[in-house]
Amino acid sequence: MDRQEVAHVTTDSPSARAARILARVRAIPEGFVRTYGDIHPAAPRLVGHVLATAPDDVPWHRVVRADGTLPMGPLQRERLWREGVPMRGDRVEMRLARLPEVAS
DNA sequence: GTGATGACGGAAA
DNA sequence: CTTTCCGCCATCA
């Protein structure tokens with residue numbers, strides 16, 4: 001389905017989307033990561049904005065780019081490393097750390 | 001109201 | 001491998 005359908009199916013409203021995004025991010029288990037696109041395919045950039053203005057009790061470091069590079073640099077890298085996320089150089093081994101799409 | 005920007009993604013060259 | 005280009009949506013000037 002395209003983004004229009006997604007928006008229709010998933011009760012949209014600025015706050016509702018933000019809430020859904022935050023919920024998904026909080027659901028990422030330690031040691032794994034998900035990409036912006038995985039969290040909200042229709043608007044990856046929105047995910048970034050939400051995380052940027054989100055409370056720090058969310059595991060924002062578990063959200064990385066689709067190619068495994070880290071948007072937040074060294075800090076994020078350190079946090080992921082501590083959780084045992086497999087990395088190669090400065091990027092995450094998506095093949096192993098990327099969490100499969102979750103239903104809901 | 002318009003236009004630029006950003007913690008992005010994917011396709012094309 | 002890199003660089004463009006276009007689509008997305010909320011914010012902000």
Side-chain angles (χ1 to χ4, degrees):
Chain A
M1 61 171 103
D2 62 14
R3 63 155 209 75
Q4 192 54 252
E5 296 176 85
V6 172
H8 185 271
V9 172
T10 60
T11 314
D12 59 329
S13 107
S15 57
R17 281 179 174 174
R20 189 149 26 74
I21 289 172
L22 285 177
R24 288 183 154 219
V25 173
R26 285 191 232 258
I28 305 174
E30 188 178 312
F32 289 86
V33 301
R34 289 188 78 199
T35 73
Y36 292 80
D38 287 342
I39 294 171
H40 192 151
R45 306 195 80 142
L46 178 59
V47 177
H49 182 275
V50 170
L51 288 181
T53 63
D56 51 327
D57 62 321
V58 298
W60 56 266
H61 56 286
R62 296 183 191 143
V63 183
V64 305
R65 297 198 180 102
D67 62 2
T69 55
L70 313 176
M72 295 318 272
L75 171 61
Q76 182 169 20
R77 176 169 181 187
E78 179 57 28
R79 287 188 155 200
L80 291 176
W81 182 265
R82 263 184 337 217
E83 292 189 354
V85 172
M87 318 227 282
R88 187 187 58 190
D90 282 335
R91 26 170 168 165
V92 176
E93 279 270 9
M94 298 309 274
R95 183 82 175 201
L96 305 172
R98 186 179 193 171
L99 214 58
E101 277 301 323
V102 182
S104 92

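Residue numbering restarts at 1 for every chain, and letters A, B, ... go by the order of the sequence lines.
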Could you work out which one of B:dC8, C:dA10, C:dC8 sits closest to the side chain of A:Arg65?
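In terms of side-chain proximity for A:Arg65, the closest of B:dC8, C:dA10, C:dC8 is B:dC8.
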Choosing from C:dC8, B:dA7, B:dG9, which nucleotide comes nearest the side chain of A:Thr35?
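Ranking C:dC8, B:dA7, B:dG9 by closest atom to the A:Thr35 side chain puts B:dG9 first.
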Tell me: [atom1] of [X] to [atom2] of [N], nearest whole Å?
{"X": "A:Leu70", "N": "B:dC8", "atom1": "CG", "atom2": "P", "value": "12 Å"}
{"X": "A:Met72", "N": "B:dC8", "atom1": "CE", "atom2": "P", "value": "9 Å"}
{"X": "A:Asp38", "N": "B:dG9", "atom1": "CG", "atom2": "P", "value": "9 Å"}
{"X": "A:Arg91", "N": "C:dC1", "atom1": "CZ", "atom2": "C1'", "value": "10 Å"}
{"X": "A:Arg88", "N": "C:dC1", "atom1": "CZ", "atom2": "C1'", "value": "12 Å"}
{"X": "A:Arg98", "N": "B:dG9", "atom1": "CZ", "atom2": "C1'", "value": "11 Å"}
{"X": "A:Arg17", "N": "C:dC8", "atom1": "CZ", "atom2": "P", "value": "12 Å"}
{"X": "A:Leu46", "N": "C:dA10", "atom1": "CG", "atom2": "C1'", "value": "6 Å"}

So A:Ala52, base contact, sugar-phosphate only, or nothing? Heavy-atom distance under 4.0 Å.
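Base contact.
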So, do A:Arg62 and A:Glu30 sit near enough that their side-chain heavy atoms are less than 4.5 Å apart?
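Side-chain contact under 4.5 Å: yes.
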What's the spacing between A:Met94 CE and A:Thr69 OG1 if we round to 0.5 Å?
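Taking CE in A:Met94 and OG1 in A:Thr69, the distance rounds to 9.0 Å.
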Could you tell me the separation between the CG atom of A:Asp57 and the CG atom of A:Leu22, rounded to the nearest 0.5 Å?
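It is 8.5 Å, given to the nearest 0.5 Å.
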Short side-chain N/O contact to C:dG7 OP1/OP2 from A:Arg45, under 4.0 Å:
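No, A:Arg45 has no side-chain N/O under 4.0 Å of OP1/OP2 on C:dG7.
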Between A:Pro44 and A:Pro14, just flag the one whose closest nucleotide in DNA chain C comes earlier from the 5' side.
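Looking at the nearest nucleotide for each, A:Pro44 comes out on the 5' side.
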Exam field: side chain A:Glu83 to backbone A:Pro29, donor-acceptor pair closer than 3.5 Å
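No; judged by distance alone, with no hydrogens or angles, the pair does not exist.
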